[in-house]
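Since the structure comes first, as structure tokens, the remarks are kept for the end.
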Number of protein chains: 2
Amino acid sequence: MPDHTRPPGKRVTIYDVALEADVSPSTVSRAFSRPSRVNSETAERIRQVAERLGYRTNPLARALTTSRTQMIALVIADITNPVYAEIVRGAQEAATDGEYTTVLIDAQESDRLERAAVERTMSTVDGIVLASSRMSDSAIRMVAKQRPVVVLNRALADVPCVVTDNPRGVRRAAEHLGELGHDHITYVAGPQASWPNGVRWRSLLEAGMELEIKVRQIGPFSPTMAGGERAAQELCARPATAVLAFNDQMAIGIIRGLSRMGVNVPGDVSVVGFDNILAADIVTPGLTTVAAPLYAEGSAATRHLLTMIGGAPGHTGPPMVLPVRLVVRDSTAARNPRPGRARPPWVRQRPVPGPAAHLP
Amino acid sequence: MPDHTRPPGKRVTIYDVALEADVSPSTVSRAFSRPSRVNSETAERIRQVAERLGYRTNPLARALTTSRTQMIALVIADITNPVYAEIVRGAQEAATDGEYTTVLIDAQESDRLERAAVERTMSTVDGIVLASSRMSDSAIRMVAKQRPVVVLNRALADVPCVVTDNPRGVRRAAEHLGELGHDHITYVAGPQASWPNGVRWRSLLEAGMELEIKVRQIGPFSPTMAGGERAAQELCARPATAVLAFNDQMAIGIIRGLSRMGVNVPGDVSVVGFDNILAADIVTPGLTTVAAPLYAEGSAATRHLLTMIGGAPGHTGPPMVLPVRLVVRDSTAARNPRPGRARPPWVRQRPVPGPAAHLP
DNA sequence: CAATACATGGCAACCCATTGCCACCGCCGT
DNA sequence: ACGGCGGTGGCAATGGGTTGCCATGTATTG
């Protein structure tokens, strides 16, 4: 029997296996990549020899000829944002199901970093999921030209997209606030490079129109707690009784900022967030928010990407829209519960400029 | 002038560039990988042609000969846990500085998944950072034999490690609770596969010994809010006035669970967590916790890995220890502030079994 | 029994870049 | 004028699999 011990440090290749199993390298290759193409007994023998020698097929070498690495990239805007955790989980599950490995890339909310990372990774992966990309439309199309791409949380012609039903979410939030007696909603904007940010504002404009609620926008602010606290300061200068924040982190920041300044939520101001992150449930007061099916987003986007890689035409129809729901907690309440108070007590003396128009 | 338009879908290779620039492929290769080895004018010409043709060196092909992919893997136990966000940031920064790409792998707290993922990825990366690995020591050593590995949040002979000063953190927490009059601390354990979990408990045993504070352990529980809420129920059966939780998420879960049962934190029970996640600051009451330099952990581990990849011997001395600090917030308070109450009012009638001994 | 079809396995080209080694050139020193 | 030398650039092998095509050998069919 030939020696079992290979010189250490040396990779075991199909050639080594071929030698031991007394077949040609191509047969060894086929035994793994197209088992039906080789006699089952031979295949079994090869598999055993391979096992004994500790052979592992080299994915890089394989990729060189097949140009399939069995890896997909998942680009997220900010790993610090808990929203993405669930999305990642969903994507990972779908990828694993399809025998794919996910490489996660954190763009740190930076257009530049995102492009650089995508650039570097592109040639190494079979496809890309861009979750909340901060890149420009044209940059995304550029990427999509070279690799299968699915875009998450953003709609873009000619590129397959998965989005959540932002208009409906905003509408539900506005209805909810309206029912509580609020006739004016302030939208606290997040990053301008964020697609949902624009959509949410426009949806709020529409909803305001239909529901006869006035709306205005302040910001943009960083989509973080710190950003929310800064927004709170600005809110003091231009008071509001109902606030819709770009996301939960900002909403939480707003609540903290307001309470630090003696403003009560929901007594004086109602606050609604977006995303329903875990923290929304643990803050005091619990945050009313628009919940999205995070896990489903990740998994739907990834599954679609996988079919594209498998050769399906990236059906460039309308984006796939996932449903949302409003989770009502304690950060929203009826407006001005204290009778006789036209305005919350913390309104500064400076008169509020005439009611904000429905901006274009 | 030859045609500028390449057949679409076809990758541009050094051969294409060589043809256009009228040099041999090897010269093109050298123009990029060892510019000093080729005439600067030639190199410039080649670079321009390459630019015009849109040539990008194929990292896979390069890796095949150099066996360097310029990628490292960062394996984390649970992407849902916000602790890792900062670690990832630190690691990513260090990697980017060294011209490396990080591929992030989420093990979902599963030994099995972690092994599988590492297995799949190993041959594709130049090195691995295992952050809070759930694998067995032997499995880790196995991996370390094949690729440079740095282990984070775990000490392991023969493998380079980066850990935080758990003993000191526990000691500080115990001192803090002792100063508040607590003479008994209950440790709420996290995953048994977690190395810090064991260390924290043992450190608490030691600290208890020295500070003359009794200690006991309950658990293990899942290191999540849900796990903490379950722990809270068990805490009701076996009351305590001071609790040290494995991490912040459990601590928050414990606080919620307790308050749901009418127990006041910190009035009746003081709770201390570990990690100082963002949420620790936003819950009510604010969570007293042991803070670790997360970002530094990730970056230190990665930098060390990079030097190993660069050829340095993975100095297998003692682990690198990073300092911690105690962040005191509002979840800890003096024991039994209400005079005349030997025990908090919520103690069930069933007598508490004799004070837990200092277990082995 | 001849003719054809199918199941297996080998040969060799190919994927793309890297690199050791050699060849050529112009220039120097003697 | 000739040997030697540094600077450039090309040839060809290499890394580890994959795959089109052909050559067997066996099984099926008329």
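Heavy-atom basis, side chains included; hydrogens, waters and symmetry copies ignored. The structure displayed is predicted, hence computed values, not measured ones. Labels below follow one simple rule: chain letters A, B, ... track the order of the sequence lines, proteins then strands, and each chain is numbered from 1.
- When heavy atoms are screened at a 4.0 angstrom cut-off, B:Val28 is found touching no nucleic acid atom at all.
- For the pair A:Asp137 and A:Arg154, the salt-bridge criterion is met [side-chain N within less than 4.0 Å of a carboxylate O].
- Residue A:Asn39 contributes atom CG, which lies 13 Å from atom C1' of C:dC6 at whole-angstrom precision.
- Considering only the side chain of A:Arg37, C:dT8 comes nearest among C:dT8, D:dC11, C:dA17.
- Remark: C1' of C:dC15 and CG of B:Asp16 are 13 Å apart, rounded to the nearest angstrom.
- Atom-to-atom, CD1 of B:Ile46 to P of D:dG10 comes out at 8 Å; the value is rounded to the nearest Å.
- Among the protein residues, B:Ser29 comes within range of the nucleic acid bases, having at least one heavy atom under 4.0 Å from a base atom.
- The shortest distance between the side-chain N/O atoms of B:Thr42 and the OP1/OP2 oxygens of D:dT8 is not below 4.0 Å.
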message: salt bridge (Lys or Arg N to Asp or Glu O under 4.0 Å) for A:Arg47 and A:Glu44? Distances and angles first, verdict last.
response: CA-CA 5 Å; A:Arg47 245 173 277 128; A:Glu44 181 53 29; 2.7 Å; yes
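- If you measure from atom CG of B:Leu64 to atom C1' of C:dC16, you get 8 Å, rounded to the nearest angstrom.
- Under a 3.5 Å cut-off, the side chain of A:Asp126 and the backbone N or O of A:Gln70 do form a donor-acceptor pair.
- Residue B:Glu86 holds its CD atom at 11.5 Å from OG of B:Ser299, rounded to the nearest 0.5 Å.
- Among the heavy atoms of the strands, none lies under 4.0 Å from B:Arg68.
- Between D:dG10, C:dC11, D:dG9, one nucleotide has an atom nearer to the side chain of B:Ser26 than all others, and that is D:dG10.
- Here C:dA17 is the nucleotide among C:dA17, D:dG17, D:dG16 with the atom lying nearest to any side-chain atom of B:Asn58.
- Rounded to an integer number of Å, the gap from CD of B:Gln70 to P of C:dT18 is 11 Å.
- The phosphate of D:dG10 has OP1 or OP2 within less than 4.0 Å of a side-chain N or O from B:Ser24.
- Dashed line: the shortest gap from a side-chain N or O of A:Tyr15 to OP1 or OP2 of D:dT14 is not under 4.0 Å.
- Between the CG atom of A:Leu60 and the P atom of C:dA17 there is a distance of 14 Å, rounded to whole Å.
- Considering only the side chain of A:Arg30, D:dG20 comes nearest among D:dG20, D:dG9, D:dG17.
- Atom-to-atom, OH of A:Tyr55 to P of D:dG15 comes out at 15 Å; the value is rounded to the nearest Å.
- Across all strands shown, A:Thr13 has heavy atoms under 4.0 Å from sugar-phosphate atoms exclusively, and none from any base.
- Note on A:Ser67: nothing from the nucleic acid sits closer than 4.0 angstrom, heavy atoms only.
- Applying the 4.0 Å criterion to OP1 and OP2 of C:dG10, one finds that A:Thr27 has a side-chain N or O inside that range.
- Here the OG1 atom belonging to A:Thr27 is positioned 12.0 Å from the CZ atom belonging to A:Phe32, to the nearest 0.5 angstrom.
- Residues B:Ala61 and A:Phe32 each lie close to DNA chain D; by heavy-atom proximity, the contact nearer the 5' end of the strand is made by B:Ala61.
- A salt bridge is absent between A:Asp78 and A:Arg134; no separation between the charged side-chain nitrogens and carboxylate oxygens falls under 4.0 Å.
- Distance A:Ile14 CD1 to C:dC15 P: 17 Å, rounded to the nearest Å.
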